[in-house]
Amino acid sequence: MERHEFGTALRQLRESTAPEKVGLPVGRRRTQGLRREELGELAGMSADYVRRLEQGRSHPSAGVVNAIARALRAGRADYERLCALAGYAAADGQVPTEVGPGAMRLLERFTDTPMFVSDAAMNLVAVNGAFLALKHWQLTGDPWEWNIAWRSFCDPFDGFKQSAADATDHEAVLVARLRSAQLRYPADVPLAALVDELRSRSRRFDDLWRVPRPVAAHESSAAFIHPDAGPVTLVGSMLAIPGDDLAALMLTAAPGSADAARLAEIVDAAGEPTILRVGQAGPG
């Protein structure tokens, strides 16, 4: 069963990989994605061996899985899935921070909705103009000023207010995501330094790290205190972007509410839509 699941995942990944992504000419093609011959040449194996893998008639070594992932320029999440289906642990790596096309499409399509994209270590890597228009994310000059967990536990925002229940759900999600990231990226030095600092600086974070609270919800509500427009209550909904191991958070107001009208005014006053790449992954 595992061989067939690996083969299915490999075929889907090959067929969804654009030739230009791996440096191949597009040309006129009858098939979607890469041909088996092309993947074999890029990965240093025969097309027949690729076929046997996809049909579940052969089991790859860890080196073969790594070669295929490199050839396809697979994102971390896809690479980890191939490793898991083949029965291997993924090689240690660094938290990816590249804002891929999937994340950019989200930011480009929802210009009137405050949104940001964060990496697995909870660093913001891209935001849209609607998010910046809320004017609650003040920069402090701290090495982790763009990190959501750090700002939540160690340097809270003045213009961000949550109920006790929403704050509890929010904190549980942050700790769970960081624990998961450290398990996947044990060699990432900035991530380890961030966790150490959080455990040293925040008693609340350290307690949740030692005894994690179950994640009850991946949505939470908060009041954003705009310096000119006043409070606007928004609900944050998290969307996973698996191929790049990123996550997007969308902030929305109840349709037809006073908050929705106030948010529209805030976004309109911000001017032309924009997307900014921001943040950093720890000190240095």
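Scope of the values below: all heavy atoms of this structure, side chains included, with no hydrogens, waters or symmetry mates.
Counting only distance, with no hydrogens or angles, the side chain of E197 and the backbone of A193 share no donor-acceptor pair below 3.5 Å. Between the H136 side chain and the H226 main chain, no donor and acceptor come within less than 3.5 Å of each other. Under a 3.5 Å cut-off, the side chain of E15 and the backbone N or O of L34 do not form any donor-acceptor pair. Although no hydrogens or angles enter the test, the distance criterion places a donor-acceptor pair under 3.5 Å between the side chain of T168 and the main chain of A164. Not one N or O on the side chain of S202 forms a donor-acceptor pair closer than 3.5 Å with the backbone of R199.
Taking 4.5 Å as the limit, some side-chain heavy atom of L263 sits within range of a side-chain heavy atom of L134. Taking the side chain as every heavy atom from C-beta outward, M238 and R177 approach each other to under 4.5 Å. No side-chain heavy atom of L178 sits less than 4.5 Å from a side-chain heavy atom of Q182. Side-chain contact between R11 and Q55 is absent, with no heavy atoms from C-beta onward closer than 4.5 Å. Looking at heavy atoms from C-beta onward, R76 lies in side-chain contact with Y185 at the 4.5 angstrom threshold. Using a 4.5 Å cut-off on side-chain heavy atoms (C-beta onward), K135 and D228 make contact. Between W137 and I148, the closest side-chain pair of non-hydrogen atoms falls below 4.5 Å. The shortest side-chain heavy-atom distance between T113 and T252 falls under the 4.5 Å cut-off.
A pairwise comparison of heavy atoms in V22 and A71 identifies CG1-O, 3.2 Å as the closest pair. For the residue pair V99 and L246, the shortest heavy atom distance occurs at CA-CD1, 4.2 Å. When all heavy atoms are compared, the tightest approach of K21 to T17 is CD-CG2, 4.2 Å. Contact detail for Q138 and G159: the closest heavy-atom pair is NE2-N, 4.3 Å. Considering all non-hydrogen atoms of both residues, D112 and P114 come closest at O-CD, 3.9 Å. Pairing each heavy atom of V65 with each of A86, the nearest pair is CG2-CB, 3.9 Å.
Residue W144 holds its CH2 atom at 8.0 Å from CZ of R201, rounded to the nearest 0.5 Å. R14 CZ to R35 CZ: the interatomic distance, rounded to the nearest 0.5 Å, is 10.5 Å. From F153, atom CZ reaches atom CG of L208 across 5.5 Å, with rounding to the nearest 0.5 Å. Rounding to the nearest 0.5 Å gives a distance of 8.5 Å between OG of S152 and CG of N147. The line from CG of L39 to OG of S46 is 10.5 Å long, rounded to the nearest 0.5 Å. Here the CH2-CE distance, from W150 to M122, works out to 15.0 Å after rounding to the nearest 0.5 Å.
With sequence neighbours left out, L106 forms a side-chain contact (heavy atoms from CB on, under 4.5 Å) with F110, M115, I241, A248.
With hydrophobic clusters built from ILVMFWY side chains whose heavy atoms lie under 4.5 angstrom apart, L234 does not share a cluster with I225. Residues F205 and V215 share a single hydrophobic cluster, defined by chaining ILVMFWY side chains whose heavy atoms lie under 4.5 Å apart. Residues V235 and F116 do not share a hydrophobic cluster, clusters being chains of Ile/Leu/Val/Met/Phe/Trp/Tyr side chains in contact below 4.5 Å. Connection of L198 to F157 is established within a shared hydrophobic cluster, with ILVMFWY side chains joined at heavy-atom distances below 4.5 Å, either directly or through further cluster members. No chain of hydrophobic side-chain contacts below 4.5 Å, direct or via other Ile, Leu, Val, Met, Phe, Trp or Tyr residues, connects V173 to V211.
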Please test R262 against D259 for side chain to side chain contact (heavy atoms under 4.5 Å, CB included), starting from the C-alpha separation and ending with a verdict. CA-CA 5 Å; R262 193 174 298 117; D259 289 303; 3.4 Å; yes

Side chain to side chain contact (heavy atoms under 4.5 Å, CB included) between M250 and L239, intermediate numbers included: CA-CA 8 Å; M250 303 177 67; L239 305 174; 3.4 Å; yes

Evaluation steps, side chain to side chain contact (heavy atoms under 4.5 Å, CB included), between S221 and T233: CA-CA 7 Å; S221 175; T233 299; 3.3 Å; yes

Just do the side chain to side chain contact (heavy atoms under 4.5 Å, CB included) check on T140 and R151 with the steps written out, would you? CA-CA 10 Å; T140 63; R151 298 304 300 265; 3.7 Å; yes

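Annotation: E20, atom CD; neighbour count of heavy atoms from other residues, nucleotides and ligands within 6.0 Å is above 12. Counted within 6.0 Å of CD on E41, heavy atoms from surrounding residues, nucleotides or ligands total 12 or fewer; the atom is thus considered open.
Between H59 and Y88, the ring planes lie tilted relative to each other; the angle falls in the 30° to 60° range.
Between R51 and D48 a salt bridge is recorded (basic side-chain N to carboxylate O distance below 4.0 Å). R203 and D206 are not joined by a salt bridge, as no carboxylate oxygen comes within less than 4.0 angstrom of a charged side-chain nitrogen.
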